[in-house]
Amino acid sequence: MQGSAPTAELIARAEALEAQAAQELAAAADLARLAAVRAALVGKKGRVKDLQRGISALAKEQRKDAGQAVNVIAGRIAAAIDARRSQLEACAAETLIDPTFDPSWPGRRVPEGSLHPVTLVLDEIRRIFTRLGFDEVQGPEVEDAWHNFDALNIPDHHPARERTDNFYVEGGRLLRSQTSTVQIRVMENREPPLRVFAPGRVYRPETVDATHLYAFHQVEGLMVGEDVTFADLKACLRTFAASMYGADVQTRFRASYFPFTEVSAELDLRCPACSLPGERADRFALPGAVACALCGGEGWIEVLGCGMVHPRVLRAVDIDPERFTGFAFGLGVERVAMRRWQLDDIRLLIENDVRFLSQFR
Ligand code: DAH
């Protein structure tokens, strides 16, 4: 049968619509836009309905063939819409696209914590002494008088034992006032050679001010062996200072006294805030000048006590002082942190002010 001109024209329109539909469907980037395209194509007043209305306008004998041809094309358009819908649904499920989500907005920041400066220096101290071959050990915070005083050669009448200078609890026990207690516990339980460090909290009834807390941290160090000398002590603590503060840090060992060491010394570091050495700082201070907040004009900051373990301490733990010698040291962790970051008030470390703490990211 020869197709008439109106039939051929209708089929051509249908084919053109199919091609157009294919383009529009591909351009519909999400389900909402697909719904609009779909309505314009196959909705009640859509363009496919238009075509189908064109069939009834044809001469009767042409309607069957034309109708078949147009409906085949209409069927393909409907199938293309379905195919595009499943495609977009799969894509939406995969990426969880929420129509209200705008990926161009800035993200919401999760508040991020930071390590406390005391934790930071403690970790650094740990790394340094571990590298020098020291083992980390711990001791109890509630101690007896033997480990806190007697074994450390602190006699009964010594002022460090005063009721008012310690937090005593029942049974003559106390919150340890120094980590030197751990030296005793280690030497009671292990044979030399020994190389240990003991970080921990200590307690003293101090009035809190810019340089004092009633609870703070110390790191105790102890090395005992057959020929440990003061030269070993100096090398060890100088290495510590250089690792902690940089190779150019200036150190000074100053003679001192502790009951549990003989000889005893204190290690001072050059004040980073004022460049004058102690004597000159005083002599050349201008009238009315305020002394350096960090070192009080001394030019040096004391960071730790140290010395050769007293023979009486060794004897108290059954180590023969004729055969073994040792050195010990005890440093204040908060002081190390203050010197490290040039803090002029120790209370910054316990006030939990996020404006201060967030600077240690
Ligand atoms: N225990 C002392 C204090 O709390 C610090 C100290 C000094 C510890 C000398 C030592 C040392 O081991 O040898 O002030």
Side-chain angles (χ1 to χ4, degrees), residues 125 129 132 134-141 143 145-155 158-162 165-167 174-188 192 194-206 211-225 228-238 240-241 251-269 301-314 316-317 319 321 324-336 338 346:
I125 293 168
F129 285 112
L132 289 170
F134 286 69
D135 292 335
E136 178 168 346
V137 290
Q138 298 282 336
E141 291 186 16
E143 263 295 6
W146 167 257
H147 291 94
N148 203 88
F149 301 121
D150 300 302
L152 287 162
N153 193 35
I154 300 172
H158 196 282
R161 301 177 76 129
E162 294 277 345
D165 284 342
N166 293 284
F167 287 112
L174 73 163
L175 301 185
R176 67 180 176 196
S177 62
Q178 50 185 355
T179 46
S180 303
T181 53
V182 190
Q183 286 185 38
I184 302 303
R185 290 191 172 270
V186 167
M187 290 190 287
E188 281 172 339
L194 289 169
R195 233 188 298 183
V196 295
F197 70 99
R201 250 183 222 115
V202 299
Y203 303 86
R204 294 175 196 175
E206 305 268 10
T211 52
H212 295 90
L213 298 176
Y214 55 80
F216 54 101
H217 298 77
Q218 288 187 332
V219 174
E220 193 78 12
L222 175 71
M223 176 169 179
V224 181
V228 177
T229 68
F230 195 76
D232 297 312
L233 178 159
K234 285 177 82 174
C236 175
L237 293 179
R238 276 212 185 111
F240 162 73
T251 55
R252 155 175 109 171
F253 287 87
R254 183 167 37 82
S256 186
Y257 170 81
F258 300 101
F260 34 87
T261 45
E262 182 61 37
V263 297
S264 305
E266 272 168 87
L267 175 66
D268 295 342
L269 301 175
I301 297 174
E302 172 198 326
V303 284
L304 58 82
C306 55
M308 301 306 291
V309 180
H310 199 294
R312 286 204 203 135
V313 173
L314 294 175
V317 292
I319 292 178
F324 294 108
T325 52
F327 71 76
F329 59 88
L331 62 86
V333 178
E334 280 79 1
R335 281 221 181 146
V336 174
M338 289 174 78
I346 198 170

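In this text the structure is predicted, and so the values were computed from the model without any measurement. Counting from 1, the numbers follow the sequence of the chain as shown. Just follow the structure's listing: the first ligand is 1, and inside any ligand the first atom is 1.
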Applying side-chain hydrogen bond (donor to acceptor under 3.5 Å, both in side chains), name anything that partners Gln138, two or more places apart in sequence or on another chain.
Glu136
Going by ring pair (Phe, Tyr, Trp, His ring centres under 6.0 Å), name the residues that satisfy it together with Phe260, two or more places apart in sequence or in a different chain.
Phe258
Check side-chain hydrogen bond (donor to acceptor under 3.5 Å, both in side chains) between His158 and all other residues, then give those that pass, not counting sequence neighbours.
none
Is a side-chain N or O of Thr181 found less than 3.5 angstrom from the main chain of Asn148, in a donor-acceptor match?
no
Side-chain donor-acceptor contact under 3.5 Å, Glu220 with Gln183:
yes
Near ligand 1 (heavy atom, under 4.0 angstrom), the protein residues are Gln178, Ser180, Gln183, Arg204, Gln218, Glu220, Phe258, Phe260, Thr261, Gly305, Cys306, Gly307, Ala328, Phe329, Gly330
Backbone N or O of Arg201 within a donor-acceptor pair of the Arg176 side chain at under 3.5 Å?
yes
